[in-house]
Amino acid sequence: MAEQEERVSHFIADMLAQDLSDGRHAHIMTRFPPEPNGYLHIGHAKSICLNFGLAEQFGGVCNLRFDDTNPTAEEVEYVESIMADVRWLGFDWGERLYYASDYFGQMYEYAEALIQAGKAYVCTLSPEAFKAYRGVPTRPGQPSPSRDRPVAENLDLFRRMRAGEFPDGAYVLRAKIDMSSPNLHLRDPAIYRIKHAHHHRSGDTWCIYPMYDFAHGLEDAIEGVTHSICTLEFEVHRPLYDWLLDQLPVPCHPQQIEFARLNLTYTVMSKRKLLELVRDKVVWGWDDPRMPTVSGLRRRGFTASSIRTFCRKIGVTKTESVTDIALLEHCIREELNVSAPRVMVVLDPIKLVIENYPAGQVESLEGVNNPSDPAAGTRPVAFSRELYIERDDFMEDAPKKFFRLKPGQEVRLRYGYLVTCTGCEKDPETGEVVAVTCTYDPETRGGNAPDGRRVKGTIHWVSAQEGMDLRVRLFDRLFQVESPDDTPEGGHFRDNLNPNSCREVVAKGESVLASAVPGTRYQFERNGYFIVDEKETLPGKPVFNRIVPLRDSWAKKHQG
RNA sequence: UGCCCGAUGGUGUAAUGGUAGCACUACUGACUCUGAAUCAGUCAGUCUAGGUUCGAGUCCUAGUCGGGCAACCA
């Protein structure tokens, strides 16, 4: 994993290096703190690579911590998928698996301490009134009538909140900071709310739960995190993060650092929207190969290392940006080009009949498994009089630079013979081409002519008799526009879905694929990279997912 | 008409007061038993206006544009 050892340099790495050399910290501790309310996506992968990568780079550690302070949104299914995804991405949290819910007791003590210090109060305002009193960004807020409630009364009320004496929403614990602050988050934010909800870990022990702003800094401090790295939208929360840690006798005061989240063209990244696609069955599930989720990318066929490479290449900054999905595709092609075994598969088959080849004869030719890796060896490929070739590889009326089959033109059948196109057969009703005909030169076995003549085109093929049917899914981008979130007035991001994001075809492939192992990635020559689907493949009946097509400069030039 | 953050080719990033570089994309050409890969090349950038300085992408001021902030979500 050479790319992992490569030192990454960006403003956060610089800050950590500085803190280390200044002696501000003797070691680094970061954390990846997902809320288990959905599956991880590639944006999380960026954060995972950042946090675990930084720890690795500076000889520190990175914790995996579930920020599970809102029981109504969280589920164990998500906890499990998140752990599996982080592991799959290649990171190890060792013994440092934590849950915010494990700190509920300590957090409660801190909350009482804040009340004792006169820095928090129980507020009776309804959610609507709460909002009204808070004011708007341009106008200061008004103090809650509960703001000056005596400490003893606050304590009593808070204890009764915990005891379950009140219904949801009846009271809320608020930090007492500054109702006229230009930063809304400092206008006496709610820090504990009543929620009579069953928690996936703490069960029914609690009916009050801490809010993010109260909990997160404490979680960091309890664990001894040195650098708490999060995304830009938390920047305005930082004064509150710092205020809280300054008020309480915490073991340390971690530093919050913000960076820009990842955005990708042709997809959406919000958990809410991804959940909507799953719930409404727009996609097959969280691991649909078209989803930008880690599990979706995995099923699509992306490797963990290609995702890590991608995360290294996009960099870390505070600039809001949208990364071109082409970069991700580049990363997987780059890797698979050297590692994936080649095989011939015809996705849109049409028959090619070699008129002068003996009927019934079958010979075995030799195909190279991986041109960039001689050790991968060769395989036998059956050849006969009737083959399948791609419909696109024949044109009756072709442009001058069409190097494939057209009447009178000679091409090479990969690893086979040179053949010259003699014409085609058409359906008399529809006029559709049903077969292409040619003659072969017996002297060119293997693909080279003894007289040294050269042909410009080489096409792939599969023997009609010996080849096998293959289920192949051709995926395209889930959305047909670069920014699916940009919708006109009254529009919805779903209006931008690509109706052709998945097309399944029955292809013809080499028979070796009958024993293809689920999870194996191939290059279908001249087509693209494909993976044997791990969920739907049955013994002898592989199902393939297209990871990414090969670049195709000819199609690009001649499309439309 | 509040506060915070940001602004470098089409895209993503580097340059930490001293030659604006890299990658992706696009386009050329060479090569090729994958119209792939590879190789060579081309197009293309410091938001604006002032200021400081021998020298500014970098520092200062003002503006412009973009993003974030008004869940008892995280």
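So you know, we letter chains A, B, ... as the sequences are listed, proteins then strands, and number each from 1.
- Residues that satisfy the side-chain contact (heavy atoms from CB on, under 4.5 Å) test with A/F166, not counting sequence neighbours, are A/L157, A/R160, A/M161, A/A170, A/Y171, A/I194.
- Contact annotation for A/G315: no contact, since no heavy-atom pair falls under 4.0 Å across all strands.
- Taking atom P in both B/rU34 and B/rU42, the straight-line distance is 27 Å, to the nearest Å.
- Stem list for RNA chain B (at least 3 consecutive Watson-Crick or G-U pairs, distances under 3.5 Å): B:2-7 with B:64-69, B:10-13 with B:21-24, B:26-30 with B:38-42, B:47-51 with B:59-63.
- The backbone N or O of A/V225 lies less than 3.5 Å from no partner atom in the side chain of A/D220, so there is not a single donor-acceptor pair.
- Checked against B/rC72, B/rU32, B/rU13, the side chain of A/F130 finds its nearest nucleotide in B/rC72.
- Across all strands shown, A/N448 has heavy atoms under 4.0 Å from base atoms, whether or not it also approaches the sugar-phosphate.
- Summary of the strand contacts: A/R139 and A/R454 both lie near RNA chain B, and taking for each the nucleotide with the nearest heavy atom, the more 5' one is attributed to A/R139.
- Residues forming a side chain to side chain donor-acceptor pair (under 3.5 Å) with A/T124 (at least two apart in sequence, or on another chain): A/S146.
- When the nucleotides B/rU13, B/rU32, B/rA74 are ranked by their closest atom to the side chain of A/S321, B/rU13 comes out on top.
- Side-chain contact between A/Y98 and A/F66 is absent, with no heavy atoms from C-beta onward closer than 4.5 Å.
- Residue A/R193 places at least one side-chain N or O under 4.0 Å from the OP1 or OP2 atom of B/rA74.
- Between the C1' atom of B/rA37 and the CG atom of A/D552 lies a distance of 14 Å, rounded to the nearest Å.
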Please list, for nucleotides 40-44 of chain B, all pairs of protein and nucleotide N/O atoms separated by less than 3.5 Å.
none

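- Residue A/D14 is in base contact, counting any heavy-atom pair closer than 4.0 Å across all strands shown.
- Residues satisfying the side chain to side chain donor-acceptor pair (under 3.5 Å) criterion with A/S372, sequence neighbours excluded, are A/N370.
- Here A/Y415 lies in heavy-atom contact (under 4.0 Å) with a base.
- The existence of a salt bridge linking A/E219 and A/R31 is excluded, since no basic side-chain nitrogen approaches an acidic carboxylate oxygen closer than 4.0 Å.
- Anti is the classification of B/rA7, since its glycosidic angle lies more than 90° from 0.
- For the pair A/F214 CZ and B/rA71 C1', the interatomic distance rounds to 18 Å; values are reported in whole Å.
- No salt bridge links A/D552 with A/R526; every basic N to acidic carboxylate O contact stays at or beyond 4.0 Å.
- The residue among A/P371 and A/T317 whose nearest nucleotide of RNA chain B lies closer to the 5′ end is A/T317.
- By the 4.0 Å N-to-carboxylate-O rule, A/E233 lies close enough to A/R261 to be salt-bridged with it.
- Regarding A/F259, its CZ atom lies at a distance of 16 Å from the P atom of B/rG6, rounded to whole Å.
- A/F11 comes within contact range of no nucleotide atom at all, as no heavy-atom separation falls under 4.0 Å.
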Would you check, one step at a time, whether the test ring pair (Phe, Tyr, Trp, His ring centres under 6.0 Å) holds for A/F383 with A/Y417?
CA-CA 10 Å; A/F383 185 89; A/Y417 292 90; 5.2 Å; yes
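- The phosphate of B/rC5 has neither OP1 nor OP2 within less than 4.0 Å of any side-chain N or O from A/R238.
- Looking at heavy atoms from C-beta onward, A/D348 lies out of side-chain contact with A/V346 at the 4.5 angstrom threshold.
- Backbone-only contact: A/T69 has heavy atoms under 4.0 Å from sugar-phosphate atoms and none from a base.
- Under the side-chain contact (heavy atoms from CB on, under 4.5 Å) criterion, A/R201 pairs with A/D68, A/Y99, A/S101, A/D102, A/H199, sequence neighbours left out.
- If you measure from atom OH of A/Y121 to atom C1' of B/rC72, you get 13 Å, rounded to the nearest angstrom.
- Taking atom P in both B/rA71 and B/rC65, one finds a spacing of 26 Å when rounded to whole Å.
- Nucleotides B/rA36 and B/rC27, compared at atom P, are 11 Å apart to the nearest Å.
- Taking the C1' atoms as reference points, B/rG9 lies 15 Å from B/rA15, given to the whole Å.
- Across all strands, A/L125 comes closer than 4.0 Å to base atoms (heavy-atom distances).
- Comparing the same atom, C1', in B/rA14 and in B/rA20 gives a spacing of 9 Å after rounding to whole Å.
- Looking only at side-chain heavy atoms (C-beta outward), A/Y108 and A/I208 come within less than 4.5 Å of each other.
- Using a 4.5 Å cut-off on side-chain heavy atoms (C-beta onward), A/E366 and A/Y415 make no contact.
- Using atom C1' as the reference point in both B/rA7 and B/rG57, the two lie 11 Å apart (nearest Å).
- Heavy atoms of A/E329 sit nowhere under 4.0 angstrom from any nucleic acid atom.
- Following rounding to the nearest Å, A/Y171 (OH) and B/rC72 (C1') show an atom-to-atom distance of 15 Å.
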Assign a letter to each nucleotide of nucleotides 19-30 of chain B from its 5' end: B, base within under 4.0 Å of a protein heavy atom; S, sugar-phosphate only; -, no contact.
-----SSSS---
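- Here B/rA74 presents its C1' atom at 13 Å from CE of A/M107, a figure rounded to the nearest Å.
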Generate the contact string for nucleotides 65-70 of chain B. Rules: B means base contact, S means sugar-phosphate contact only, - means no protein heavy atom under 4.0 Å.
--SBSB
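- Note on A/T444: nothing from the nucleic acid sits closer than 4.0 angstrom, heavy atoms only.
- Taking the side chain of A/T323 as heavy atoms from C-beta on, and the options B/rU34, B/rG6, B/rG12, the nearest nucleotide is B/rG12.
- Judged as a side-chain contact (heavy atoms from CB on, under 4.5 Å), and not counting sequence neighbours, the contacts of A/I177 are A/A175, A/L186, A/D188, A/P189, A/L240, A/W243.
- Contact check, A/R272 against B/rC73: no side-chain N or O comes under 4.0 Å of OP1 or OP2.
- Residues passing the side-chain contact (heavy atoms from CB on, under 4.5 Å) test with A/T323 are A/L262, A/L264, A/F310, A/I314, A/L327, sequence neighbours excluded.
- Residues satisfying the salt bridge (charged side-chain N to carboxylate O under 4.0 Å, His left out) criterion with A/E35, sequence neighbours excluded, are absent altogether.
- A/V322 comes within contact range of the sugar-phosphate backbone alone, with a heavy-atom separation under 4.0 Å but no base atom that close.
- Here the side chains of A/H44 and A/K271 are in contact, with some heavy-atom distance below 4.5 Å.
- B/rG21 and B/rA26 have their P atoms separated by 23 Å, with the value rounded to a whole Å.
- Counting any heavy atom pair closer than 4.0 Å across all strands shown, A/R404 reaches a base atom.
- At the heavy-atom level, A/K456 lies under 4.0 Å from base atoms of the strands shown.
- Taking the P atoms as reference points, B/rA37 lies 14 Å from B/rU28, given to the whole Å.
- Judged as a salt bridge (charged side-chain N to carboxylate O under 4.0 Å, His left out), and not counting sequence neighbours, the contacts of A/R149 are A/E153.
- Between A/K271 and the phosphate of B/rC73, there is no side-chain N or O to OP1/OP2 separation shorter than 4.0 Å.
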